[in-house]
Amino acid sequence: EKSEMYCGEVFLLLLATTAFIAQTNGKEVEKTELRVLIYPYIPDLKNDGLKSLRKYIKKEFEAGHPDITLHVDGDPSVHDPYSTDNLKTYLGTNGYDVVEVDTILLGEMVKLNLVEPHPHPGIPLDDSSFLRFAVDAVRYKGHVYGIPTLVCANFLAAMTSENGKDDAVNLIGSFRGSWTLPGHYLNAYINKYGASSMDDGVLSNPPEHSDVLNSIRQFSDTCVRKDGSNPCTDKTYKDNTSAQINDVIKSKSSNFLAYAEVIGQALFTDPNLKVTSVKVPPFGGAGYLQMYTDALVANRNTYKAKKNAIQKFMAFYTSGDFRYKYAFCGDIGFECIRYVLPACSAFYKNTLVQWNSFYMQLYDVMMTSGTAGPNHEIYYKKDCLDGSISTQLKYPPLI
């Protein structure tokens, strides 16, 4: 019998960590201390800074690994895994042993020599175990540097509301924010020039093609309201998912441009909402959807001493079994669904997931249109790119 299902075959780790002494005659074991930082920007449905989720991860992991004491951090009000200085600290000598990161910064972490290559060769990184674009995202210059956990993208969901009193609106969503607009630009770019066009030259000096800008303009113009305002391009929706969700709920029908988990938050807020279809945003005729991937990486400074414990946690955390518990709110009694998108293929084969029409629509779009987003160069150019694109599109200043 397999004691734990994860993405691909189950591998038994037979290495002992230096800190573990086998329990004999009922005596206590000396345990390995493992410090983990999870990605903090996921739906905090209990509004507790993900405390309940972190306690649940610790409980579930330690139940099956009595030789390891797990410490889990990851509070959206405290931890920022997008800062280079923070990453140097998190993955420093006195940092965490495992960090869940956005792979858009993978190249920068590798250049800083922060992460261990091939941290868990026992987990098969292939299309049958993980979504194909997630596997591409953890590779950099021929080496694997992480194990994928989650993927995300902006989907276009057609919504209907039984309680909606306002007229139908063409579009609800944001085109503003330091990464939002550059992200839309990159998605529009590959739809014009192909997924393989996103090479190092483009990432190091992103060209601003008029045809790409026009496709963004045409799409964002569908958000114009009867009074001539455009909440998608002014500051109305910028970094304000609550305002977006509120407008979705109020409208009889709408097209909601958002991450899957934000659409899920709308469904959680108003159970009378329905998703009638999920599509790729219309940034061009090719139908590509640029996906971003989070992954577990191992601290190069502590990997050798804690390799066994690190690999055990990676196998547990990326398993199909735990990905289901994570997405379906096992930490709060399975009373909700976070609608995060696990990178693990086994998750989408779960019967309860397959019964969920929204999840299956998202999965179909990803498998048909998903392609890996960039994992180096581009992120720290976002502010400059955002300013340039918004100026050329004549979007109003965010004052």
Could you check whether [X] pairs with [Y] (Lys NZ or Arg NE/NH1/NH2 to Asp/Glu carboxylate O, under 4.0 Å)?
{"X": "Asp239", "Y": "Arg176", "answer": "no"}
{"X": "Lys274", "Y": "Glu162", "answer": "yes"}
{"X": "Lys111", "Y": "Glu377", "answer": "yes"}
{"X": "Lys51", "Y": "Asp44", "answer": "no"}
{"X": "Arg132", "Y": "Asp127", "answer": "no"}

Quick one: is the NZ or CZ of Arg300 closer than 6.0 Å to the six-membered ring centre of Tyr303, and within 45° of its axis?
no

Just checking, Lys325 and Phe322: is the charged tip under 6.0 Å from the six-membered ring centre and within 45° of the axis?
no

Backbone N/O of [Y] and side chain of [X]: donor-acceptor pair under 3.5 Å:
{"X": "Tyr326", "Y": "Leu53", "answer": "no"}
{"X": "Ser253", "Y": "Met159", "answer": "no"}
{"X": "Asn191", "Y": "Tyr288", "answer": "yes"}
{"X": "Thr276", "Y": "Ala158", "answer": "yes"}
{"X": "Ser388", "Y": "Leu385", "answer": "no"}
{"X": "Glu108", "Y": "Thr84", "answer": "no"}
{"X": "Ser83", "Y": "Asn86", "answer": "yes"}
{"X": "Thr269", "Y": "Gln265", "answer": "yes"}
{"X": "Lys252", "Y": "Gly164", "answer": "no"}
{"X": "Asn299", "Y": "Val98", "answer": "no"}

Roughly how far apart are [X] [atom1] and [Y] [atom2], rounded to 0.5 Å?
{"X": "Asp211", "Y": "Ile216", "atom1": "CG", "atom2": "CD1", "answer": "10.5 Å"}
{"X": "Thr233", "Y": "Asn230", "atom1": "OG1", "atom2": "CG", "answer": "3.5 Å"}
{"X": "Glu30", "Y": "Thr32", "atom1": "CD", "atom2": "OG1", "answer": "8.0 Å"}
{"X": "Cys329", "Y": "Leu45", "atom1": "SG", "atom2": "CG", "answer": "5.0 Å"}
{"X": "Ile249", "Y": "Lys165", "atom1": "CD1", "atom2": "NZ", "answer": "13.0 Å"}
{"X": "Arg217", "Y": "Tyr395", "atom1": "CZ", "atom2": "OH", "answer": "7.5 Å"}

Mind checking disulfide bond (SG atoms under 2.5 Å apart) for Cys152 and listing every partner two or more places apart, or none if nothing turns up?
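None.
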
Mutual orientation of the aromatic rings belonging to Phe347 and Phe328 [parallel < 30°, tilted 30-60°, perpendicular > 60°]
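Tilted.
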
On the 0 to 90° scale, with breaks at 30° and 60°, tag the Phe316-Phe313 ring pair as parallel, tilted or perpendicular.
tilted

So which of Tyr82, Tyr39, Tyr292 actually passes side-chain hydrogen bond (donor to acceptor under 3.5 Å, both in side chains) with Asp102?
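That would be Tyr82; it is the only one of Tyr82, Tyr39, Tyr292 passing the side-chain hydrogen bond (donor to acceptor under 3.5 Å, both in side chains) with Asp102.
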
With Tyr317, which of Glu60, Glu100, Lys312 fulfils side-chain hydrogen bond (donor to acceptor under 3.5 Å, both in side chains)?
Glu100

Is there a side-chain contact between [X] and [Y] (heavy atoms, below 4.5 Å)?
{"X": "Asp73", "Y": "Val36", "result": "no"}
{"X": "Leu87", "Y": "Met109", "result": "yes"}
{"X": "Asp126", "Y": "Phe130", "result": "no"}
{"X": "Val262", "Y": "Phe155", "result": "no"}
{"X": "Pro76", "Y": "Leu50", "result": "yes"}
{"X": "Lys250", "Y": "Ser161", "result": "no"}
{"X": "Leu289", "Y": "Asn187", "result": "yes"}
{"X": "Asn301", "Y": "Leu91", "result": "no"}

Do the side-chain N and O atoms of Ser319 and Tyr324 include a donor-acceptor pair separated by under 3.5 angstrom?
no

If we count only N and O atoms by modelled type, under 3.5 Å, do the side chains of Tyr90 and Asp85 hold a donor and an acceptor together?
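The answer is no; no qualifying pair exists.
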
When clusters are formed by joining ILVMFWY residues with side-chain heavy atoms under 4.5 Å apart, either directly or through shared neighbours, do Val101 and Val78 land in the same one?
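Per the 4.5 Å side-chain linkage, Val101 and Val78 are not co-clustered.
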
Val72, Leu150: one ILVMFWY side-chain cluster at the under-4.5 Å cut-off?
yes

Is it true that, when you exclude [X] itself, more than 12 heavy atoms of the residues, nucleotides or ligands shown sit nearer than 6.0 Å to its [atom1]?
{"X": "Lys279", "atom1": "NZ", "value": "no"}
{"X": "Asn163", "atom1": "CG", "value": "yes"}
{"X": "Lys235", "atom1": "NZ", "value": "no"}

Might you point out which heavy atoms bring [X] and [Y] nearest each other, and give the distance in Å?
{"X": "Lys349", "Y": "Ser128", "result": "NZ-O, 4.1 Å"}
{"X": "Pro281", "Y": "Asn154", "result": "CG-O, 3.2 Å"}
{"X": "Ile172", "Y": "Gln244", "result": "CG2-O, 3.7 Å"}
{"X": "Pro43", "Y": "Glu261", "result": "CG-CB, 3.5 Å"}
{"X": "Val212", "Y": "Ser215", "result": "O-OG, 2.7 Å"}
{"X": "Leu213", "Y": "Ile389", "result": "CD2-CG2, 3.7 Å"}

For this output row, return yes or no: ring centroids of [X] and [Y] closer than 6.0 angstrom.
{"X": "Phe358", "Y": "Tyr339", "value": "yes"}
{"X": "Phe175", "Y": "Phe219", "value": "yes"}
{"X": "Phe283", "Y": "Tyr189", "value": "no"}
{"X": "Tyr96", "Y": "His71", "value": "no"}

Mind running salt bridge (Lys or Arg N to Asp or Glu O under 4.0 Å) on Asp67 and Lys31 for me, showing each step along the way?
CA-CA 5 Å; Asp67 55 325; Lys31 297 182 178 183; over 6 Å; no

Residue pair Asp364, Tyr348: steps toward the side-chain hydrogen bond (donor to acceptor under 3.5 Å, both in side chains) verdict:
CA-CA 10 Å; Asp364 288 345; Tyr348 302 94; over 6 Å; no

For a salt bridge (charged side-chain N to carboxylate O under 4.0 Å, His left out) with Asp97, tell me which candidate from Arg35, Lys306, Lys307 qualifies.
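Of the listed residues Arg35, Lys306, Lys307, the salt bridge (charged side-chain N to carboxylate O under 4.0 Å, His left out) partner of Asp97 is Lys306.
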
Which residue pairs pass the disulfide bond (SG atoms under 2.5 Å apart) test when at least one of the two sits in residues 227-311, sequence neighbours left out?
Cys223-Cys232

Under the criterion salt bridge (Lys or Arg N to Asp or Glu O under 4.0 Å), I'd like the reasoning laid out for Lys46 against Asp331: C-alpha separation, chi angles, the key distance, then a yes or no.
CA-CA 10 Å; Lys46 206 169 182 180; Asp331 53 309; over 6 Å; no

